[in-house]
S.K.: 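Starting off with a structure, shown below.
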Amino acid sequence: MYSRAVTLSQFLDLEERKHPEATGEFTRVLMEIALACKMINREVVRAGLVDVLGYTGAENVHGEKVQKLDVFAHQTLYRVLSGTGQLAVLASEEDENVIPVPEGQPVGKYVVNFDPLDGSSNINANVNIGTIFSMLPRITRKGGGTLTDCLQAGERQVCAGYVMYGSSTMLVYTTGHGVHGFTFEPSIGEYLLSHPDIRTPKRGHIYSVNEGNYTQWSDGVKRYIDYLKMDDAATGRPYSSRYVGSLVADFHRNLLYGGVFLYPGDARHADGKLRVLYEAAPLALIAEEAGGAASDGHRRILEIVPESLHQRTPLFLGSAEDVRECESFVQGKNPAITAERRVRSGVPAEG
Ligand code: FDP
């Protein structure tokens, strides 16, 4: 542990020196994201005081009502990031198409996909919300970046992170060398290292899901949640239910305490609700880097190569053992299900 307060920029400097192959280019992008998030944080904490709450009246590409803070967060990130000279193209939850670097600006070799304000249904209740970001190397070689540059598998990310605006504001990121968390100290305007090298427990005792959707789920998901509620001291069940309804907040809590977050597909939405590029993939990279796991029920989230910017995916995310167990239920392979089927069909137990 460090014996003195270490700021984000000091920490990034030290990390860069440990990895001589690092060019420092995406470190600069990360610093700019951190700056934009300070600006967003300033508005979020004043949200109850100034006229930034309420709907703009417009709808975003998903048909959701856009709030003023969503727009502010989107524009702030765009303005700050498009001037870094390091980016070829950007994509945001709030924009249907990719966002080119403005004409006249230098074009760089990175791509940033971001969700400017995640969990926005919580804004008006002063509940935690967040910004999620994912950085990729561009693939195209010439000119401005394109959709192809944005649509890459999550395992190609060079950096992923989030800023959670809450009782204290935190920035958590990974560049593939551990997961590090910084708490924002508003009086000096700096993010200070508070959670170096975060490791998530192998198994937790928390499940996070919108259980209002229960009747719409597949049998596998229903059985998994029923199983987590059963009493069994050996596996630490029943689990506790915790659901903020703000992905960053639910993920952050489970990252520190252990547990599993689920947003499965259901009868109405086969791919669930959450988006691959700027929600599932960045959090999957952080989860894996911290020793956890992320799956769509059948494969690693990081292996998904999206075909469109706002593609959705079922998401099972968190402690590795919990995610593996959840997958076995989703795939109908869990011994608890097999035993139940055997009893129902009158087949005697083996052995
Ligand atoms: P929100 O709609 O409030 O922006 O993807 C967005 C998200 O929140 C996630 O942050 C959150 O985990 C999820 O949707 C909540 O969805 P439900 O309201 O369906 O539970």
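Numbering of residues begins at 1 and proceeds along the displayed sequence. Excluded from the calculations below are hydrogen atoms, water molecules and symmetry mates; all remaining heavy atoms, backbone and side chain alike, are included. Both ligands and their constituent atoms are indexed starting at 1 by order of listing.
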S.K.: List every atom of ligand 1 that sits less than 4.0 Å from any heavy atom of D118, numbering the atoms from 1 in the order shown and giving each element.
M.R.: 5 (O), 6 (C), 9 (C), 10 (O)
S.K.: Decide side-chain contact (heavy atoms from CB on, under 4.5 Å) for S92 and D115; before the verdict, give the C-alpha distance in whole Å, the side-chain angles of both, and the deciding distance to 0.1 Å.
M.R.: CA-CA 6 Å; S92 162; D115 183 351; over 6 Å; no
S.K.: Heavy-atom contacts under 4.0 Å between N213 and ligand 1: side chain, backbone, both, or neither?
M.R.: neither
S.K.: For the residue pair F329 and Y224, does the interplanar ring angle fall in the parallel (under 30°), tilted (30 to 60°) or perpendicular (over 60°) class?
M.R.: tilted
S.K.: Less than 4.0 angstrom from a charged side-chain N to a carboxylate O is my criterion; do E327 and K333 meet it?
M.R.: no
S.K.: Indicate the ring-plane relationship of Y110 and F26, choosing parallel, tilted or perpendicular according to the 30° and 60° boundaries.
M.R.: perpendicular
S.K.: Is there a heavy atom of N122 sitting under 4.0 angstrom from any atom of ligand 1?
M.R.: no
S.K.: By number and element, which atoms of ligand 1 are closer than 4.0 Å to a non-hydrogen atom of E279?
M.R.: 5 (O), 6 (C)
S.K.: Would you check the N or O atoms of G119, main chain and side chain alike, for any that come under 3.5 Å of an N or O of ligand 1?
M.R.: yes
S.K.: Would you mind finding which of Y263, Y243, Y278 brings a heavy atom closest to atom 20 (O) of ligand 1?
M.R.: Y243
S.K.: Can you check whether T140's main-chain N or O pairs, donor with acceptor, with R138's side chain at less than 3.5 Å?
M.R.: yes
S.K.: Run the numbers for me: atoms of ligand 1, each under 4.0 Å from some heavy atom of L247, listed by number.
M.R.: 9 (C), 10 (O), 11 (C), 12 (O)
S.K.: Answer side chain, backbone, both or neither: which part of N210 comes under 4.0 Å from ligand 1, heavy atoms only.
M.R.: side chain
S.K.: What is the ring orientation for Y78 with H74, classed by angle as parallel under 30°, tilted 30 to 60°, or perpendicular over 60°?
M.R.: parallel
S.K.: Mind checking whether S121 contacts ligand 1 via backbone (N, CA, C, O), side chain (CB onward), both or neither, at a 4.0 Å heavy-atom cut-off?
M.R.: both
S.K.: Kindly confirm or rule out an N or O of L117 lying under 3.5 angstrom from an N or O of ligand 1.
M.R.: no
S.K.: Does R275 reach ligand 1, in the sense of a heavy atom lying below 4.0 Å from it?
M.R.: yes
S.K.: What about Y162 and H252, are their ring centers closer than 6.0 Å?
M.R.: yes
S.K.: Quick check on contacts: which atoms of ligand 1 are under 4.0 angstrom from a heavy atom of L274?
M.R.: 5 (O)
S.K.: For the rings on F182 and H195, is their centre-to-centre separation under 6.0 Å?
M.R.: no
